[in-house]
Amino acid sequence: MAKLNMVQAINLALKEEMQRDKDVIILGEDVGRDGGVFRVTEGLLDVFGAERVIDTPLAESGIVGVSIGMAARGLKPVAEIQFMGFIYPALDQISSHAARLRSRSRGRYTCPLVVRTPYGAGIKAPEHHSESTEALFCHMPGIKVVLPSTPYTAKGLLISAIRDPDPVVFLESARLYRLIKEEVPEGEYTIPLGKARLAQEGKDVTVISWGAMLHRCLQAAAGFSADVIDLMTLNPFDEETIYSSVKKTGRVVIVHEAPKTCGLGAEISASIAEEAMLFLKGPITRVTAYDAVLPLPKLEDYYMPTVERIKKGIEEVLKY
Amino acid sequence: MAKLNMVQAINLALKEEMQRDKDVIILGEDVGRDGGVFRVTEGLLDVFGAERVIDTPLAESGIVGVSIGMAARGLKPVAEIQFMGFIYPALDQISSHAARLRSRSRGRYTCPLVVRTPYGAGIKAPEHHSESTEALFCHMPGIKVVLPSTPYTAKGLLISAIRDPDPVVFLESARLYRLIKEEVPEGEYTIPLGKARLAQEGKDVTVISWGAMLHRCLQAAAGFSADVIDLMTLNPFDEETIYSSVKKTGRVVIVHEAPKTCGLGAEISASIAEEAMLFLKGPITRVTAYDAVLPLPKLEDYYMPTVERIKKGIEEVLKY
Amino acid sequence: MPEKIIESCSVTRLDILNEKGEADQALMPSLTDDHLRELYEMFILARTFDHRALNLQREGRIGTYAPILGQEASQIGTAYALDKTDWIFPSFRENGVLVARGYPLYMILQYWGGDERGIKVPDHLNIFTISIPVGTHVLHAVGSAMAAKYRGEKTVSMVYFGDGGTSEGDFHEGMNFAGTFKLPVVFICQNNQWAISVPRERQTASKTLAQKAVAYGFEGIQVDGNDILAVYSAAKAAVEKARRGEGPTLIECFTYRMTDHTTADDASRYRTKEQVAAWEAKDPLLRFRLFMEQRGLLTEAFQKEVDAVTKQKVDEAEKMAESAAHADPSDMITYTYASLTPRQTKQMRDF
Amino acid sequence: MPEKIIESCSVTRLDILNEKGEADQALMPSLTDDHLRELYEMFILARTFDHRALNLQREGRIGTYAPILGQEASQIGTAYALDKTDWIFPSFRENGVLVARGYPLYMILQYWGGDERGIKVPDHLNIFTISIPVGTHVLHAVGSAMAAKYRGEKTVSMVYFGDGGTSEGDFHEGMNFAGTFKLPVVFICQNNQWAISVPRERQTASKTLAQKAVAYGFEGIQVDGNDILAVYSAAKAAVEKARRGEGPTLIECFTYRMTDHTTADDASRYRTKEQVAAWEAKDPLLRFRLFMEQRGLLTEAFQKEVDAVTKQKVDEAEKMAESAAHADPSDMITYTYASLTPRQTKQMRDF
Ligand SMILES: Cc1ncc(C[n+]2csc(CCOP(=O)(O)OP(=O)(O)O)c2C)c(N)n1
Ligand SMILES: Cc1ncc(C[n+]2csc(CCOP(=O)(O)OP(=O)(O)O)c2C)c(N)n1
Ligand SMILES: [Mg+2]
Ligand SMILES: [Mg+2]
């Protein structure tokens, strides 16, 4: 089995799904000849041709909007937004249409669409290239949000997302793209949406995270007996796995690189408070970015949770 | 003193601020001759002329985008988006520019902009006319979010918002526009942003809400000894008032008409869990809309929290 | 190397039927008498239904409603140019289009009455859901055309929007995609001179809306939108062109919104009686009726029959809409995703 | 009532300087020898600085960088047409514009080195912050022009974007506002033939980008963007027109991105050496240099002086950028709002 990084794993998932199902179509800025600015779609144009790997004009609302039209007509578009910082012009199409087509039409029309986009800081990029606003999409009923943290899960989750009958926002950590390699089998396997993964097992504390931060959590949790949960699907997220871990450990640290206020950590914390409060030994702690605009590269390392800050968070809840 | 409804109170605030400061300019769809589809800007065209009350082309990103340009050049635009359901095309301008101008330029450029828009269900309107997605804007550092629940506070808050040196999303409950009248003084008074209001005082439970739902909370809380907090500013929200009430009552119900998952209720709940958990007698409860697309009028009454559901929420936390 | 002209373009206007009901024979589209009678029936049905819907709204029996009075020729003429297999992308003011395509009338009332079941488009109709956010559905039509092209289908997508709609970014992006990929899509802009209270001249500075197609490298044409023959003729040509794979067309139907924007609006606040009166003289029905009379197609018997059938259809629609069982509250959750999330399953217990 | 033409329009192209450096005397703008020398100095400084920035990026001393090689004439020629009181709205590829306006060079390096202090635009410069999201800042320029008009100022706003930028909704909305309100704004589209890997023909089907102005009812013109005299001349006319209150202009500078999109790009993946070579022959500097020589302005002494001054400026910029103290981490919180929120105050304790 080949060791692949996340770019390669995602590329493989796309290729295999396109081979399997001719309704799967890729579109976006520079996804064709250039193979995407991160090379995620590299080689696909040569295999599948310009009718299935479509370089579009520079227009994000356009990309998602036409994808919705295609999806409603039965295709399975996989749209790429070049960076998450450029997804906002498409937010109206995502929330006003993709999310609502099934509901509005009481099932006559559906939207089996995947919107892929690289997210996250830590790549020393210009402004708007390091966004992590997953929480916005989690507040849109009708949208699923998926965010893998490893090459293996990325492939399996992307295949599930493509096959899912509803629209999925699929966030890929630009920082992780080439950072980790692991064995990724060729051929079909899926990882179900809506299920989390225990990346490490323990008994004293539950650490919940996703994407690039998951790896920092693993580093920070190394010295502790901690359940480290890789959420993978952010909406709908796997409440069961979380609650059963919390009931065991009684202590929770939630980690994300988005600003604290109204981040997804808030929802997870609130849900735990509702469903498992009586099992809690102490306050739920969030380790997050600051409530500030993401800075340019010189300061970004101060902005995101560091292993140190996560460790401190764990130590704090362990005081109870 | 005249008894005014919220439309009149907001109209008065706009008029007085425009009289006071010639940099204040109104723009939006149908705000001029028509006076706005809810008549909030009625009469202002006649007083201030078409140069200060500007009917724009039908383009929301355009409205907010040019407002940012004006604000950066020192004007104080008050942009109207006709309904909150149509604000999403402008979300990129709000989050990528309005929110960041000060930070990006390290203070050289600022964005003293107010974006007013009616929000909320219960007006039996067509699709997209009843949105309540305040939480999205609360997750944008650099943006303030204000949402009044009475005519008196609406006037004072809007004046503060216009004078605030930073961009404010100002949400007006379409349902409340003409529902309540109260005494609203002419002339200048302000209500500080970032401060909540105790709409009712009690000792057994803290009910937190805003806008249209605040009134349902007051009805639901009538039989109980409850602190009912009218949040008014949703970002940054008044943590102090909340925590001191929670420390007193030990029980919390948070009510909003947005879907539960990743609504602002999550942040408030998570914050309380962090800062006042040891004072809590039982789980924090959220009474919210369902995690579903807002339905058309026939079902909207089932969607939003009812007085009954809020009451049940209060009764539940009182069990602890 | 002096200053030189490197591109020129022009915008054409098509008129066939004048206000006296006289048709320019040279431009007359090939429509049989049966076709013309059918068009007339549709017209009467659309106008009658519209009137009824307005009344129902006034009586509080449906919600806010967007009337089409004055725009029937633009709507029916364009829709009539399509095959059943073609696709239609309506905005909120397209009841004439829906009527022309045989959309169940009671469902239209159900929809405006606030019930999603009214817009569960019947499977046999290639009509997309009504789009309320102005301009946004232009992209869906373009995507539909991309799907058709990809699959080698010969279907055309037709999308409807107003003069105001041309100001939105999504209109622009959709037009640009359509031109770039040379897609089988026809853009129908009903320029009814008003976007709520904003007059056409304040919406954009271009002399015509048709010329906006120049920006995207394809043809734009203006037609008298109150002339059902001109509208049909222009639409037919555009649809055939699209079907031949020769790309998109923008058609500006120059017409007028004869009444309020919606039942929530009061147009007398912002426009003059004189303007309205001037356009009333151009009522597309007056003209079409004169034409039908002059052609000997509008016999008394035929008119009676049309009236009777129309009344029956509209009465029945009203009855069916009003007698429909109330929707199940849980429906609002059921259709969010293909299956319920665990959290939704819990929430469903409230019902 | 036949089919008739109701609107015609045409797009003009302006060339002044040919590849041999010969100017069309009839079209020659009124520039003194001093002006021409100044333009030449700016050109050399812009190109030299750009080259240095690329090198610094390669050495890992600044971050991703967007070079301007080949576009200097378009940038300097347009910026030079403005008064100091006019406003400039740059995108991410406008270092030529910044150089021409006297933006402190070390700050440009600081910015691309990932430090916001580099884009704290000095108070005396009417230059807006660099806008990364394509197309979005078009609206800011239009808003600035609205502010100028409202205040009765005679300032003009000039906004820069690329061929790709014309596809975005915000470009459309901005152009439309500008036309509708007849605003003093000049739209500079540097058509460098590529939007990363997407060639101009796949970006839009219109023959020129200049003709997009037709959609908004104002003038669009194409100029040879590698001809600094033509660029200046067209920009000057547009600026004066705007200042006279006669509304906006779109100028398409027909040019070429001679190197990679950014330092993170590899253009050889998607375009041919032949194309690049053909455009190298059209290098705007070659032509300008020939012109200056023929005019007797490019003496050896002058060239030496220019080279020396340029090198000194660029060296100094590099030194200053690299010797700047590291920014205070708390800065990232400090500038969110005019004052800290209570939550931020707590968060500041981490520093
Ligand atoms: C994106 C968006 N913004 C605002 C509205 C509110 N609105 C509904 S119709 C309308 C005017 C539309 O004018 P036009 O496009 O000319 O169509 P018409 O109503 O004349 O048919 C407006 C502003 C909306 N529905 N969608
Ligand atoms: C809204 C948005 N989408 C995508 C990007 C990523 N991106 C940066 S530059 C670029 C191409 C721009 O092409 P063009 O407008 O022609 O300008 P040029 O780079 O050629 O100067 C893209 C896609 C972006 N910055 N903003
Ligand atoms: Mg209209
Ligand atoms: Mg370009």
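Since the structure is predicted, the reported quantities are computational estimates derived from the model, not experimental observations. Chain letters run A, B, ... following the sequence lines, proteins first, then strands; residues in each count from 1.
- Proximity to chain B is limited to the side chain of A/R104, based on heavy atoms less than 4.5 angstrom apart.
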Note to self: Evaluate B/Y320 against A/L278 for side-chain contact (heavy atoms from CB on, under 4.5 Å), listing each step before the verdict.
What the structure shows: CA-CA 11 Å; B/Y320 295 90; A/L278 304 180; 4.2 Å; yes

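- Contact of the A/L91 side chain with the B/D92 side chain is not registered, since no non-hydrogen atoms from C-beta on lie closer than 4.5 Å.
- Between chain B and the options A/I272, A/L264, A/I284, the largest number of non-hydrogen pairs under 4.5 Å is found for A/I284.
- Taking every heavy atom of both residues into account, B/T285 and A/E274 meet most closely at C-OE2, 4.4 Å.
- Counting heavy-atom pairs under 4.5 Å between each of B/P295, B/S271, B/A270 and chain A puts B/A270 at the top.
- Residues B/M277 and A/M277 approach most closely at CE-CE, 4.1 Å, considering heavy atoms.
- Counting heavy-atom pairs under 4.5 Å between each of B/T261, B/L136, B/L294 and chain A puts B/T261 at the top.
- Counted within 6.0 Å of NZ on A/K298, heavy atoms from surrounding residues, nucleotides or ligands total 12 or fewer; the atom is thus considered open.
- When the candidates A/P259, A/G265, A/A135 are compared by the number of heavy-atom contacts under 4.5 Å with chain B, A/P259 comes out ahead.
- B/H139 contributes atom NE2, which lies 9.0 Å from atom CG of A/D291 (distance to the nearest 0.5 angstrom).
- Interface remark: A/L280 contributes side-chain atoms only to the contact with chain B (heavy atom separation under 4.5 Å).
- Atom CZ of B/R100 sits about 5.0 Å away from atom NE2 of A/H128, to the nearest 0.5 Å.
- Heavy-atom distances place the backbone of A/A99, and not its side chain, under 4.5 Å from chain B.
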Item checked: Worked verdict on B/E127 versus A/S103 for side-chain contact (heavy atoms from CB on, under 4.5 Å) -> CA-CA 11 Å; B/E127 200 189 346; A/S103 179; over 6 Å; no

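- The two atoms that bring B/S269 and A/A273 nearest to each other are OG-CB, 4.3 Å, heavy atoms only.
- Taking SG of B/C262 as the reference point, atom CD1 of A/I268 lies at 8.0 Å (rounded to 0.5 Å).
- Between B/E275 and A/R286, none of the side-chain N atoms (NZ, or NE/NH1/NH2) sits under 4.0 Å from a carboxylate O, so this pair counts as no salt bridge.
- Under a cut-off of 6.0 angstrom, the local environment of NZ in A/K312 is sparse, with at most 12 non-hydrogen atoms contributed by other residues, nucleotides or ligands.
- Here the CD atom belonging to B/E131 is positioned 7.0 Å from the OG atom belonging to A/S95, to the nearest 0.5 angstrom.
- Within 6.0 Å of NZ in B/K248 there are more than 12 heavy atoms belonging to other residues, nucleotides or ligands.
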